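Note sheet for the following structure.
Start at 1 and go down the list; that is how both ligands and their atoms are numbered. Because the structure is predicted, anything quoted here is derived from the model rather than measured.
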Amino acid sequence: MSTGNIYFDHAATTPVKREVLEAMLPYFEEKYGNPSSVYSIGRASKKAIEEARESVAGIIGAEPREIYFTGSGTEADNWAIKGAAYANMKKGKHIITTSIEHHAVLHTCQYLESDGFEVTYLPVDEYGLVSPEQLEAAIRPDTILISVMYANNEIGTIQPIAEIGRIAKEKGIVFHTDAVQAMGNIRIDVSKLNVDMLSMSSHKFYGPKGVGALYVRKGTKLTSFIHGGAQERGRRASTENVPAIVGLAKALELADKNMDHHNEKLIALRDRTIREIEKNIPFVRLNGHREMRLPGNVNFSFDFIEGESLLLMLDLKGIAASSGSACTSGSLDPSHVLLAIGLSHETAHGSLRITFGDGNTDEEVDYLMEVLPEIVQRLREMSPLYEEVSRK
Ligand SMILES: *Cc1c(COP(=O)(O)O)cnc(C)c1O
């Protein structure tokens with residue numbers, strides 16, 4: 001196979017599907033009306049948004065009025081956490097989350113700490129799993145919110161969300177989950193999970209960027225996020241991004257319809273890649289859980305090398321991958337997720353994340369396995385530490 005453009009970074013973002021784009025296009029040109037207007041072209045936009053809301057709600061077992069469209073996954077996380085914190089602060093100021101959340105959650109919690117809230121960051125085990133027992137033990141009389149991500153964007157570990165939801169419900173504490181990575185990969189029914197709030201982001205499931213949604217169970221106390229007009233039941237003002245909302249709903253419908261096939265394919269690519277890396281490259285460690293893992297996620301640490309150099313060498317061969325989370329690349333801090341599962345700074349620096357998606361093929365994995373062992377070997381030959389080890 002030639003050195004084409006191979007995209008193995010679907011946890012960072014995904015291409016917009018043709019059908020999604022086609023569903024969006026009319027809302028840029030002919031159907032451009034403001035959904036708040038009373039004339040028919042405005043009402044057509046309003047109708048498109050309400051149909052999108054019904055569709056998203058139906059897919060996750062919610063009611064349409066429990067779905068709020070947002071400007072991104074990050075915004076949904078910010079709103080859920082700040083909104084619940086400020087709405088419940090008379091009851092208490094303690095929040096429980098985990099040490100492996102996306103920065104959209106972690107930095108929001110850190111902001112709240114600067115405003116007088118107390119946050120417990122639960123540790124995870126070597127696979128990246130949160131312990132429901134530890135979570136239960138961390139609950140205090142003043143705990144007002146629990147936020148635990150559904151699946152991790154770096155190592156793919158899927159958390160025991162139903163169990164955590166049961167505990168939160170028993171204790172009467174609001175439970176939010178950042179399901180941005182889970183959406184489109186895992187069937188989610190909020191009524192069965194006892195989740196009170198759930199964040200999603202369209203560009204992680206083949207929809208457009210810059211649009212997300214927050215599910216808010218009715219009765220959940222939440223302050224408004226953007227003040228202004230009456231859009232989104234007055235809680236998230238500003239003229240709706242109609243094409244993006246239509247695109248989000250279309251992308252989720254397609255993901256829901258194709259999920260079994262999609263997962264089967266991704267799991268095959270994932271498991272083959274894990275198997276072949278473990279077989280063909282020495283001194284590696286698979287990060288994340290082997291079974292409780294997103295279908296398209298492969299994350300390895302390679303001793304004696306720098307993840308950034310590995311990425312550059314792969315890029316020269318036409319392969320796009322990641323060395324952790326996109327947000328941390330460019331900085332020299334190793335990934336907080338890899339440190340949380342117990343990796344040393346050195347090992348964390350030598351990690352590679354490959355995330356498969358709809359367009360990937362077996363031939364692309366053939367090509368990866370043709371070039372990766374060679375690249376790893378070449379980089380290791382530059383390491384004095386590796387020289388010592390390999391001489392033994
Ligand atoms: C991508 C991602 C986000 C942020 O979503 P945006 O729409 O890009 O703001 C939040 N949480 C997780 C787990 C993610 O993977």
Any ion pair linking [Y] and [X] (charged N to carboxylate O, less than 4.0 Å)?
| X | Y | value |
| --- | --- | --- |
| E75 | R236 | yes |
| E50 | R43 | no |
| K17 | E22 | no |

Show the atoms of ligand 1 that are less than 4.0 angstrom away from any heavy atom in [X].
| X | answer |
| --- | --- |
| T74 | 4 (C), 5 (O), 6 (P), 9 (O) |
| D77 | 10 (C), 11 (N) |
| V180 | 1 (C), 2 (C), 3 (C), 10 (C), 11 (N), 12 (C), 14 (C), 15 (O) |
| S72 | 7 (O), 9 (O) |
| N153 | 13 (C), 15 (O) |

Does a donor on one side chain sit under 3.5 Å from an acceptor on the other, for D358 and H10?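 The criterion, which ignores hydrogens and geometry beyond distance, is not satisfied for H10 and D358.
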
Quick test: of every protein heavy atom, which one is nearest to atom 7 (O) of ligand 1, and how far off is it to 0.1 Å?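 The closest heavy atom on the protein side is S201 OG, 2.6 Å.
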
Return the CG to CD1 distance between L193 and I161, rounded to the nearest 0.5 Å.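 Separation between the atoms: 7.5 Å.
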
Looking at F302 versus F283, is the centre-to-centre ring distance below 6.0 Å?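 They do not qualify: ring centres at least 6.0 Å apart.
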
Which part of D178 is near ligand 1, with near meaning a heavy atom under 4.0 Å away: side chain, backbone, both or neither?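 Contact part for D178 vs ligand 1: side chain (C-beta onward).
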
Below a 4.0 angstrom heavy-atom separation, can you tell me which part of H203, side chain or backbone, both or neither, approaches ligand 1?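 Side chain only.
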
State whether the shortest distance between N or O atoms of M149 and N or O atoms of ligand 1 falls below 3.5 angstrom.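 For ligand 1, there is no N or O atom that lies under 3.5 Å from one belonging to M149.
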
With only distance considered, is K204 within less than 3.5 Å of ligand 1 through an N or O on each side?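 The answer is yes, given that K204 and ligand 1 share an N or O pair closer than 3.5 Å.
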
Under a 3.5 Å distance rule, please check whether R217 uses its side chain to pair with a backbone N or O of V190 as donor and acceptor.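 Side chain of R217 to backbone of V190: a pair is present.
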
